[in-house]
Amino acid sequence: GIDIGRMYVIRAELQSFTDAAALSAAIELNGTDAGLARARTGASRFANGPHAMRWDMGTQPITNIATSFSTDQATWQEKPRQPGVRFVRVVATEPAPIIFLRIFQPLTSTTVAAASVAARTEQSVRLIQ
């Protein structure tokens, strides 16, 4: 139960990060190349610096971040070339250490992941997933 509980806490920390990072990136999507470039670095703003979001009870930096973009939520690209990008997806994964479950599986960690999708409309920016 302790290892499973720890995984839930880590997932909640990663989910908070991806929510904030996706919203931050979506705010930058203004239809320009400069806005898209700022959106690409949006997630890293929350993972670096003196007020960086962290996982494992705030002790570990979030390093495994993937940001992708879409115009229709059907096709996701890391570096889109077409105009009209309205959606951003941020995925964060980290290896959750296993202590007590080693009895059943010879593992030292398991991957915990969280993802968020945010959309930019003319009126607002919102999380949609």
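Residues: numbered from 1 along the sequence shown.
- Taking hydrophobic clusters as Ile, Leu, Val, Met, Phe, Trp and Tyr residues chained together by side-chain heavy-atom distances below 4.5 Å, I128 shares a cluster with W76.
- Inter-residue side-chain proximity for F17 and W55 is flagged as unmet; no heavy-atom pair is nearer than 4.5 Å.
- Put simply, CZ on F87 and CG on L29 are 10.5 Å apart, with the number rounded to the nearest 0.5 Å.
- Remark: D72 CG is packed, more than 12 non-hydrogen atoms of other residues, nucleotides or ligands lying under 6.0 Å away.
- Remark: S24 OG to D19 CG distance equals 12.5 Å, nearest 0.5 Å.
- Shown here for A118 and A22, the closest heavy-atom pair between the two residues is CB-O, 3.4 Å.
- To the nearest 0.5 angstrom, S16 atom OG is 10.0 Å from R11 atom CZ.
- At least one side-chain heavy atom of L127 sits under 4.5 Å from a side-chain heavy atom of S116.
- Within the 4.5 Å cutoff, the side chain of T71 has no heavy atoms near those of the R86 side chain.
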Next on the checklist: For a side chain to side chain contact (heavy atoms under 4.5 Å, CB included) check, start with the C-alpha distance between R120 and V88, then their side-chain angles and the critical distance, and finish with the verdict.
Outcome noted: CA-CA 9 Å; R120 167 109 189 214; V88 59; over 6 Å; no

Item to check | Step-by-step side chain to side chain contact (heavy atoms under 4.5 Å, CB included) determination, V90 to I65 | outcome: CA-CA 7 Å; V90 177; I65 306 162; 4.0 Å; yes

Next on the checklist: side chain to side chain contact (heavy atoms under 4.5 Å, CB included) for F46 and T18? Distances and angles first, verdict last.
Outcome noted: CA-CA 9 Å; F46 287 96; T18 60; over 6 Å; no

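- To the nearest 0.5 angstrom, M7 atom CE is 4.5 Å from I98 atom CD1.
- Under the 4.5 Å side-chain contact rule for hydrophobic residues, I62 and V91 do not share a cluster.
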Next on the checklist: Does R89 form a side chain to side chain contact (heavy atoms under 4.5 Å, CB included) with Q129? I'd like the steps, not just the answer.
Outcome noted: CA-CA 9 Å; R89 177 176 60 190; Q129 246 182 3; 5.7 Å; no

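- Between E94 and L14, the closest side-chain pair of non-hydrogen atoms falls below 4.5 Å.
- Side-chain contact annotation: R54 with T59, donor-acceptor N/O pair under 3.5 Å absent.
- The closest side-chain heavy-atom distance from Y8 to V112 is not below 4.5 Å.
- Using a 4.5 Å heavy-atom cutoff, the side chains of R38 and N30 are in contact.
- The side-chain heavy atoms of P61 and M53, taken from C-beta on, include no pair separated by under 4.5 Å.
- Contact of the Q77 side chain with the S70 side chain is not registered, since no non-hydrogen atoms from C-beta on lie closer than 4.5 Å.
- Between the CD atom of Q73 and the OG1 atom of T75 there is a distance of 11.0 Å, given to the nearest 0.5 Å.
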